[in-house]
*Asks:* 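This is the structure, below, for whatever I ask next.
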Protein chains: 2
Amino acid sequence: MPKGESLGEFEHLVLLAVLRLGVDAYGMRVRREIAERTGRDVTIGAVYATLERLEAKGLVKSQIGDSTAERGGRAKRSFHLTGAGVEAVNRAQESLLSMLEGIAFPVPGGGQ
Amino acid sequence: MPKGESLGEFEHLVLLAVLRLGVDAYGMRVRREIAERTGRDVTIGAVYATLERLEAKGLVKSQIGDSTAERGGRAKRSFHLTGAGVEAVNRAQESLLSMLEGIAFPVPGGGQ
DNA sequence: ACCTGTTCTCTACTATGTAGAAATCATGCC
DNA sequence: GGCATGATTTCTACATAGTAGAGAACAGGT
């Protein structure tokens with residue numbers, strides 16, 4: 001697997017968030033999801049930059065939703081994985097699993 | 001978890017490789033391990049660059065081994081995780097797990 | 001001596017990740 | 001109808017991580 005076939009870490013997280021959020025996968029929501037699940041307080045700019053790069057690579061697609069806003073609000077731009085995106089997630093998962101094989105978590109010695 | 005507390009993807013892989021290789025964790029061996037397990041054909045430069053950055057961050061330490069070479073060979077520089085390195089691996093693992101929660105792999109739709 | 005195999009170091013470049021401010025838009029209120 | 005407000009997206013600039021390959025160091029065999 002040569003060139004640009006592998007995901008960065010944050011790309012990975014974002015892709016997973018989009019996957020699990022389904023129809024609700026728009027920028028702000030993705031940000032919240034990652035923050036809640038990983039405790040990582042990312043800025044919205046980081047999310048959009050990543051989302052756009054993923055779109056440029058063909059791993060996600062976006063479409064502007066109806067201006068459905070409850071209270072105030074610009075139309076949401078919602079994202080979903082493409083076939084290539086699904087493949088990328090699956091591949092990343094496999095790589096990680098085989099590196100993880102045989103390691104028991106949590107690894108002792110970190111002194112928490 | 002604000003600033004530079006999170007691992008890049010490749011850093012993560014390298015750290016896991018060092019962890020599992022134990023005493024055998026030197027540059028070339030790490031490279032081979034990653035190549036074999038993930039199918040990712042990384043260059044040796046990438047491995048050392050990453051290893052050095054991890055050392056700069058205090059997640060691994062290195063020491064030059066005895067010039068023990070079987071057949072030809074420069075002395076190996078072998079790496080091991082520090083306490084902070086172990087923590088980092090554990091933290092990365094947790095983040096990933098909570099993002100993975102509820103997603104069944106392989107995700108269908110990738111058309112392999 | 002020199003060739004060969006193994007490992008490590010160096011330099012330069014590209015891609016990813018981070019940060020925050022600013023623009024856009026619909027709504028509700030006055 | 002104009003203005004403050006809340007929710008979202010877009011823009012610009014920068015810092016960090018990942019990639020690539022050539023070349024230096026070193027030990028042994030021939």
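All values reported here derive from a predicted model rather than from experimental measurement. By convention in this document, chain letters (A, B, ...) are assigned in the order of the sequence lines, proteins followed by strands, and residues within each chain are numbered from 1.
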*Asks:* Just to be sure I understand the rule, does B:Gly45 reach a base, reach only the sugar-phosphate, or reach nothing, if contact means heavy atoms closer than 4.0 Å?
*Replies:* base

*Asks:* Identify which nucleotide among D:dT8, D:dT19, D:dT10 has an atom closest to any side-chain atom of A:Met28, counting heavy atoms from C-beta outward.
*Replies:* D:dT8

*Asks:* Rounded to whole Å, please give me the gap between CG in A:Leu7 and P in D:dT19.
*Replies:* 11 Å

*Asks:* Tell me if the side-chain of B:Arg74 makes a donor-acceptor pair with the base of C:dG5, cut-off 3.5 Å, by modelled atom types.
*Replies:* no

*Asks:* Using whole Å, report how far CG of B:Leu54 lies from C1' of D:dT16.
*Replies:* 13 Å

*Asks:* Heavy atoms from C-beta onward define the side chain here; which of D:dT8, C:dG17, C:dT7 lies closest to that of A:Arg32?
*Replies:* D:dT8

*Asks:* Please state how far atom CD1 in A:Ile64 lies from atom C1' in D:dA7, giving the value in whole angstrom units.
*Replies:* 14 Å

*Asks:* Measure the distance from CZ on B:Arg29 to P on C:dT6 and round it to the nearest whole Å.
*Replies:* 14 Å

*Asks:* Quick one: is D:dA17 close enough that its OP1 or OP2 comes under 4.0 Å of any side-chain N or O from B:Lys57?
*Replies:* yes

*Asks:* Return the value, rounded to whole Å, for the distance between atom CG of A:Leu15 and atom P of C:dT16.
*Replies:* 13 Å

*Asks:* Does C:dT9 have its OP1 or OP2 closer than 4.0 Å to a side-chain nitrogen or oxygen of B:Arg77?
*Replies:* yes

*Asks:* Just verifying a value: how many Å separate B:Ile103 CD1 and A:Leu16 CG, rounded to the nearest 0.5 Å?
*Replies:* 5.0 Å

*Asks:* Over all strands shown, is A:Gly27 touching base, sugar-phosphate only, or nothing at heavy-atom distances under 4.0 angstrom?
*Replies:* sugar-phosphate

*Asks:* Can you figure out which of D:dT8, C:dG17, D:dT19 approaches the side chain of B:Phe10 most closely?
*Replies:* D:dT19

*Asks:* Is a side-chain donor or acceptor of B:Glu33 paired with a backbone partner of B:Leu21 at a separation under 3.5 angstrom?
*Replies:* no

*Asks:* From C:dT9, C:dT7, C:dG17, pick the nucleotide closest to the side chain of A:Thr50?
*Replies:* C:dG17

*Asks:* Atom CZ of B:Arg31 to atom P of D:dA20: distance rounded to whole Å?
*Replies:* 12 Å

*Asks:* Does any part of the side chain of A:Leu59, heavy atoms only, come nearer than 4.5 Å to the side chain of A:Glu11, both counted from C-beta?
*Replies:* no

*Asks:* Nearest whole angstrom, please: distance from the P of C:dA15 to the CD of B:Glu11.
*Replies:* 19 Å

*Asks:* Closest nucleotide of DNA chain C for B:Ala49 versus for B:Phe79: which of these residues is on the 5' side?
*Replies:* B:Phe79

*Asks:* Show the nearest heavy-atom pair for residues A:Tyr26 and A:Arg32, with the distance to one decimal.
*Replies:* OH-NH2, 4.0 Å

*Asks:* Do the non-hydrogen side-chain atoms of B:Val42 and B:Phe10 ever get within less than 4.5 Å of each other?
*Replies:* yes

*Asks:* Taking CD1 from A:Ile44 and P from C:dA22, how many angstroms apart are they, rounded to a whole number?
*Replies:* 17 Å

*Asks:* Within the structure, does a side-chain N or O atom of B:Arg53 lie under 4.0 Å from either OP1 or OP2 of D:dG18?
*Replies:* no

*Asks:* Looking at D:dT10, D:dT8, C:dT7, which one has an atom nearest to any side-chain atom of B:Tyr26?
*Replies:* C:dT7

